[in-house]
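Here's the structure we're looking at; comments come further down.
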2 protein chains.
Amino acid sequence: MSAFIVIVEDEEDILELIEYNLEKEGFDTIGFTSTKNVGQLLEEESVDLLIMDRNLPGVEGSEFVAQMRNVGVETPVIYLTAKNKESDIEEGFDRGGDDYITKPFNMKELVLRIKAVLKRTKKDKTEGKMIYRDIVLDLGSRELFIENKNIELTKLEFDLLHTLISNQNIVLDRDYLLEHVWGSDAIYQDRTVNVAINRLKEKIDPDKSKEYIKTVRGVGYTLC
Amino acid sequence: MSAFIVIVEDEEDILELIEYNLEKEGFDTIGFTSTKNVGQLLEEESVDLLIMDRNLPGVEGSEFVAQMRNVGVETPVIYLTAKNKESDIEEGFDRGGDDYITKPFNMKELVLRIKAVLKRTKKDKTEGKMIYRDIVLDLGSRELFIENKNIELTKLEFDLLHTLISNQNIVLDRDYLLEHVWGSDAIYQDRTVNVAINRLKEKIDPDKSKEYIKTVRGVGYTLC
DNA sequence: CGCCTATGTAACATAACGGTTACAGAGACA
DNA sequence: TGTCTCTGTAACCGTTATGTTACATAGGCG
């Protein structure tokens with residue numbers, strides 16, 4: 001899971017520490033010691049996550065985010081804050097922040113929270129296309145093209161193919177698919193997955209010549 | 001799938017009910033009626049799952065978990081909560097909780113969720129590749145490459161090789177293999193291991209020139 | 001060398017797994 | 001309400017993985 005992360009933190013050593021650790025995790029980062037220029041960046045570039053110190057000299061971090069929200073920027077935010085009085089925390093949440101973390105924090109926790117937020121927001125990011133071999137899955141219009149031919153999919157089929165394609169080369173077991181496609185509270189039988197997969201197979205490869213979806217006996221399914 | 005589960009629930013009868021049912025499922029459990037002593041346990045012992053009432057007298061369950069996260073404890077959590085207002089649920093998730101279940105709940109659902117969480121956290125640990133000499137075992141795609149040639153394995157063969165390779169240079173006896181590959185509740189004969197090992201040997205080294213798997217007479221097998 | 005035990009091998013039986021199909025209920029839509 | 005589509009469930013069946021058994025072989029030890 002790669003992502004473009006903007007960090008605003010006035011203490012340079014902390015800023016560098018965060019950047020170093022996040023890049024080690026494979027994220028692209030850019031750091032600022034003030035909110036200057038950040039607004040423009042958020043408006044113009046596709047930023048996946050903003051990590052924002054709340055105790056910046058001059059502007060309150062949450063004030064800045066509130067302004068951003070007003071001009072239509074929806075980038076999720078994780079606040080860094082030395083305060084941990086509950087009122088502050090609640091305030092941060094109320095204004096649309098997605099998470100907070102109190103200093104001092106450890107890197108492991110920050111990374112975990114980042115991944116959690118990205119995972120959560122990845123869902124509503126429906127831009128872009130996913131490609132696998134000659135399969136093109138348009139996440140915006142929810143259309144599937146195979147060899148440039150449009151193939152209609154039901155919601156279930158689309159979601160199923162989507163999670164398969166976003167985990168290509170990884171064998172997904174039925175429980176995983178049930179949880180991620182049907183929902184974590186779904187209590188269905190794993191045979192349900194079975195049938196759904198085969199309906200999908202039938203649609204995307206009627207004459208069974210392509211073998212996009214490989215079944216791994218005793219385990220699950222994979223796109224490989 | 002055995003696991004060590006800590007339960008925090010102030011109502012003793014509910015606590016006992018949960019413990020009874022989980023132990024019936026083969027889990028090791030320990031129950032507490034308050035968070036006292038729980039923090040220490042989580043830090044010192046390897047706990048697989050925490051089941052946490054959110055409505056404890058005094059401390060908020062999620063506050064307690066947040067504190068634990070701050071000191072580096074990553075134990076997954078399932079919250080028990082009587083509240084079901086959506087805001088509460090989201091908050092629980094946002095702060096790093098892995099799942100929640102609202103009271104009143106039925107045991108079946110709780111057990112299902114427990115198994116799901118355990119499986120999910122186990123999976124995170126098992127990504128990547130394992131290498132031994134010229135053997136490359138891809139845990140995600142469940143593929144085996146020897147000298148860059150792909151060799152198909154059945155589920156059993158894969159799991160067997162996986163535990164061998166993750167215990168290389170250690171002689172594993174048949175009981176260990178039965179428990180870890182076939183499952184702790186498996187009641188097979190040790191000849192079963194024998195045959196499985198040899199089927200694996202045949203696949204990964206047909207002309208018996210490499211001798212990846214060494215049999216240690218009277219003890220078991222090892223990759224050394 | 002000869003015995004004994006552990007291990008390898010091959011054949012067989014069966015249980016598990018997954019593909020397929022048919023059907024019924026749920027939901028959308030007119 | 002009636003119709004149509006989507007989707008979960010159950011039943012059936014072929015395929016294959018795998019446990020079991022029986023027998024062959026190899027290794028250790030006197």
Side-chain angles (χ1 to χ4, degrees), chain A residues 142 144 151-164 171-224, chain B residues 112 142 144 151-164 171-223:
Chain A
R142 296 183 67 90
L144 166 68
I151 296 177
E152 294 229 342
L153 293 181
T154 68
K155 166 176 160 51
L156 184 68
E157 288 160 355
F158 183 89
D159 292 342
L160 188 51
L161 184 55
H162 183 194
T163 80
L164 282 171
V171 180
L172 304 176
D173 59 40
R174 289 171 176 74
D175 286 343
Y176 181 94
L177 289 170
L178 269 181
E179 191 178 322
H180 286 78
V181 179
W182 280 258
S184 57
D185 53 344
I187 309 174
Y188 296 116
Q189 311 178 353
D190 53 3
R191 317 255 43 238
T192 296
V193 179
N194 211 317
V195 177
I197 283 276
N198 285 301
R199 284 173 179 156
L200 178 59
K201 276 187 180 176
E202 172 67 24
K203 268 202 188 164
I204 66 179
D205 184 22
D207 43 347
K208 293 170 189 170
S209 54
K210 301 288 190 55
E211 301 207 340
Y212 297 116
I213 300 176
K214 184 178 159 197
T215 104
V216 181
R217 196 179 220 273
V219 188
Y221 300 90
T222 184
L223 225 66
C224 75
Chain B
L112 280 174
R142 297 183 66 94
L144 166 67
I151 296 175
E152 294 227 345
L153 293 181
T154 68
K155 168 177 157 55
L156 184 69
E157 288 160 354
F158 184 91
D159 293 342
L160 188 52
L161 184 55
H162 183 194
T163 80
L164 283 171
V171 181
L172 303 176
D173 60 40
R174 290 174 175 73
D175 284 344
Y176 180 93
L177 289 171
L178 269 180
E179 191 176 326
H180 286 78
V181 179
W182 279 258
S184 55
D185 51 345
I187 312 171
Y188 298 115
Q189 311 177 355
D190 55 359
R191 315 255 53 235
T192 296
V193 180
N194 211 318
V195 176
I197 284 276
N198 286 299
R199 282 173 179 156
L200 178 58
K201 277 186 180 176
E202 171 68 23
K203 269 202 188 163
I204 66 179
D205 184 22
D207 43 347
K208 294 171 189 168
S209 55
K210 300 288 190 54
E211 302 209 338
Y212 297 115
I213 300 176
K214 187 178 159 196
T215 103
V216 181
R217 199 182 162 85
V219 189
Y221 301 90
T222 182
L223 224 66

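Chain letters run A, B, ... following the sequence lines, proteins first, then strands; residues in each count from 1. All values below come from the heavy atoms of this structure, side chains included, with hydrogens, waters and symmetry mates left out.
Proximity of a side-chain donor or acceptor of B:Glu179 to a complementary backbone N or O of B:Tyr176 within less than 3.5 Å is not detected. Using a distance-only test at 3.5 Å, with no hydrogens or angles considered, no donor-acceptor pair links the side chain of A:Lys214 to the main chain of A:Cys224. The main-chain N or O of A:Arg174 is never found under 3.5 Å from a side-chain atom of A:Asp190 such that the two would form a donor-acceptor pair.
In this model, the phosphate group of C:dT20 is not approached by any side-chain N or O of A:Arg199 to a distance below 4.0 Å at OP1 or OP2. Taking side-chain N and O atoms only, A:Lys214 has no distance below 4.0 Å to OP1 or OP2 of C:dG18. Within the 4.0 Å cut-off from OP1 or OP2 of C:dC17, not a single side-chain nitrogen or oxygen of A:Thr215 is found.
Side-chain proximity of B:Tyr221 to C:dT7, D:dT7, C:dG18: nearest is C:dT7. Distances were taken from every side-chain heavy atom of A:Tyr188 (C-beta onward) to each of C:dG18, D:dT9, C:dT7; the shortest belongs to D:dT9. In the set D:dG19, D:dG8, D:dA26, the nucleotide with an atom closest to the side chain of A:Trp182 is D:dG8. Distances from the side chain of B:Lys201 to the nucleotides C:dG19, D:dT15, C:dG8 place C:dG8 closest.
Considering only heavy atoms from C-beta on, A:Thr215 comes within 4.5 Å of A:Lys201 through its side chain. In this structure the side chain of B:Leu160 never reaches within 4.5 angstrom of the side chain of B:Leu153, judged on heavy atoms. A:Tyr221 places a side-chain heavy atom less than 4.5 Å from the side chain of A:Asn194.
No salt bridge links A:Asp173 with B:Arg142; every basic N to acidic carboxylate O contact stays at or beyond 4.0 Å. A salt bridge is absent between A:Arg199 and A:Glu157: the closest approach of a Lys/Arg side-chain nitrogen to an acidic carboxylate oxygen does not fall below 4.0 angstrom.
Rounding to whole angstrom units, CD of residue A:Glu202 and P of C:dG19 are separated by 13 Å. With rounding to whole Å, B:Glu157 atom CD is found 14 Å from D:dG19 atom C1'. As a whole-Å value, the separation of A:Asn194 CG from D:dC12 P is 17 Å. The separation between A:Ile213 atom CD1 and C:dG19 atom C1' is 13 Å, rounded to whole Å. Rounded to whole angstrom, the span from the CG atom of B:Asn198 across to the P atom of C:dT7 amounts to 11 Å. If you take CD of B:Glu152 and C1' of D:dT16, they are 13 Å apart, rounded to a whole angstrom. Between the CG atom of B:Leu153 and the C1' atom of D:dT16 there is a distance of 15 Å, rounded to whole Å. Distance CZ (B:Arg142) to P (D:dA17): 14 Å, rounded to an integer number of Å.
Across the interface with DNA chain D, nearest-nucleotide mapping of A:Thr154 and B:Arg191 shows A:Thr154 to be the residue nearer the 5′ end. Mapped onto DNA chain D by nearest heavy atom, A:Gln189 and A:Lys203 fall at different nucleotides, with A:Lys203 at the one closer to the 5' end.
As judged by a 4.0 angstrom heavy-atom cut-off over every strand, B:Val216 is placed among residues touching the sugar-phosphate backbone only.
Summary of helix geometry: the two end axes of the helix from C:dC1-D:dG30 to C:dA30-D:dT1, each defined by five base pairs via their C1' atoms, are inclined to each other by 30° (rounded to 10°).
Evaluation of atom-type donor-acceptor distances gives no pair under 3.5 Å for the side chain of A:Arg217 against the base of D:dT18.
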